[in-house]
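These notes concern the structure reproduced below.
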There are 2 protein chains.
Amino acid sequence: MEAMSIKQAAVRTGLSEDTIRYYEKIDLLPRATRNRSGRRVYGADDLELMVFITHLKSAGMSLEVIKYYLSLSLEKDPNAASERLVLLTEQKELLESKIAELQAAHKVLEHKVEHYTEVCLPEKLRPQKETTPK
Amino acid sequence: MEAMSIKQAAVRTGLSEDTIRYYEKIDLLPRATRNRSGRRVYGADDLELMVFITHLKSAGMSLEVIKYYLSLSLEKDPNAASERLVLLTEQKELLESKIAELQAAHKVLEHKVEHYTEVCLPEKLRPQKETTPK
DNA sequence: TTATAACTTGGAGTTGACTCCAAGTCAACC
DNA sequence: GGTTGACTTGGAGTCAACTCCAAGTTATAA
C-alpha cells in the first residue's frame, strides 16, 4: 500500500502516466526512485506532492512557477525560506483575487440562469426584445 | 467616445489587438463593422461582449464553448433559450466546484505562510495577529 | 510630396502542456 | 524457453490560444 507503480499513482492522483513522466522530465517532480528493474516507485509523499501540484495548477499557477516554488522548498539555505514566504504570500494574494473574479463571473451566470429560468418555465412567456450582443 | 479603433478597444478590454483580430477570425466575435477605409470600428456593445468573453474565459470556459454559448444567444428560436439555460447551469456548477478547489488550495498556502512566518521571523518581532482584520 | 504611422490581410511561428509512439527491457506465467 | 504485458527511454506530434510577420492600404503631418 505504501509503494506503488506509476499506474497506481496515476489512478490516485488523476494525472495520466504520461503526465507524471512528463513532470519528471521537466524537473517539476524529482526523479522517482526506481526498483531493481528500473521502474518508478511512488510513496505517499510523492502522491501528496502530485496532488499539491494539481491544486496549484488549478489555481492558475504555471508549471514553471510551481517548479520555482518547489525548488525553493528544497533549499537547505534558511534564506530561501524568506524568499519562499514572499512567493507564497504573493501567490496567496493572486489566489484571493482570482477567487473574487470567479465569484463575480459566477454571479453573472447565476443572474442569467435566473433570467432564463423565468423565460423558460412559464411557456406562455416569450423572450421579449433581447439585448442581443451584436 | 462611442466609436473607437481596435487599439482603443484593446486598451479598454485588456486584450491585445492581435487577440481581438484572432477572435474575429475564429468567429468568436462577429465581423466588426469597418469604416470607409476598411478599418475596424468598435462601439460600447462590442466592448461589453469582449469583456464578457474574458469573464467566461477566466471562469475556465474554452473559446469553443464560449462560441457555442454565444451562438445560442443569437438564436431567435425560443427553444434555444432552454438549451442555453442548461449550458449556463452546467457552467455555473463547474464554477462552483472550481471556486471550492481554489479555496482549498488557498487554505494550504495560508497554512504554509503561517509556518514560514514562524520559521523566518524571531518570535518577538512577529506581527501580532490582527484581532480586527479589515 | 514624401514620410510616417496606423491600420489591413492571410498565413506562419510560438508556447505551454500534454499525448503518443517506436524500440527496447524485464519479470512472471505457461 | 517463449510469450505476454507492464513498464522504460528519447523524441515527435497535437492542440488551444495566441503572437508575429510580410506585404499592402490609407490618413495625417512635415
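Numbered from 1 within each chain, the chains take letters A, B, ... in sequence-line order. If you're wondering where the values come from, they're calculated on a predicted model, not measured in any experiment. All values below were derived from every heavy atom in this structure, side-chain atoms included, with hydrogens, water molecules and symmetry-related copies excluded.
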Phosphate OP1/OP2 of D:dT9: any A:Arg40 side-chain N/O under 4.0 Å
yes
Which residue in the set B:Met4, B:Gln8, B:Arg12 passes side-chain contact (heavy atoms from CB on, under 4.5 Å) when paired with B:Tyr42?
B:Met4
Taking C:dT9, C:dG10, D:dA17 as options, the one with an atom nearest any side-chain atom of B:Ser62 is D:dA17
Most 5' of A:Arg36 and B:Gly38 on DNA chain C, judged by nearest nucleotide
B:Gly38
Looking at CG of B:Asp27 and CG of B:Leu70, how far apart are the two atoms once the value is rounded to the nearest 0.5 Å?
11.5 Å
From D:dC18, C:dA27, C:dG10, pick the nucleotide closest to the side chain of B:Tyr23?
D:dC18
When you measure from the side-chain N and O atoms of A:Lys67 to the phosphate of C:dA17, is any distance below 4.0 Å, counting only OP1 and OP2?
no
Write down the distance between CG (B:Leu28) and C1' (D:dA16), rounded to a whole number of angstrom.
13 Å
Side chain of A:Tyr22 - closest among C:dA17, C:dC20, C:dT8:
C:dA17
Heavy atoms only, 4.0 Å cut-off, all strands: where does B:Lys7 land among base, sugar-phosphate and nothing?
sugar-phosphate
Report yes if a side-chain nitrogen or oxygen of B:Arg34 is closer than 4.0 Å to either non-bridging phosphate oxygen (OP1 or OP2) of C:dT9; otherwise report no.
yes
Linking I/L/V/M/F/W/Y whenever any side-chain heavy atoms sit under 4.5 Å apart, do A:Phe52 and A:Tyr22 land together?
yes
In whole Å, I'd like the distance from the CG atom of A:Asp18 to the P atom of D:dT8.
11 Å
Could you state the CZ-P distance from A:Arg39 to C:dG24, rounded to the nearest angstrom?
17 Å
Would you say a side-chain N or O of A:Thr19 is under 4.0 Å from OP1 or OP2 of C:dC18?
no
DNA chain D: 5'-proximal contact among A:Arg31 and B:Ser37 (nearest heavy atom):
A:Arg31
Of the nucleotides C:dC7, D:dC7, D:dT19, which has the atom closest to the A:Ile6 side chain?
D:dC7
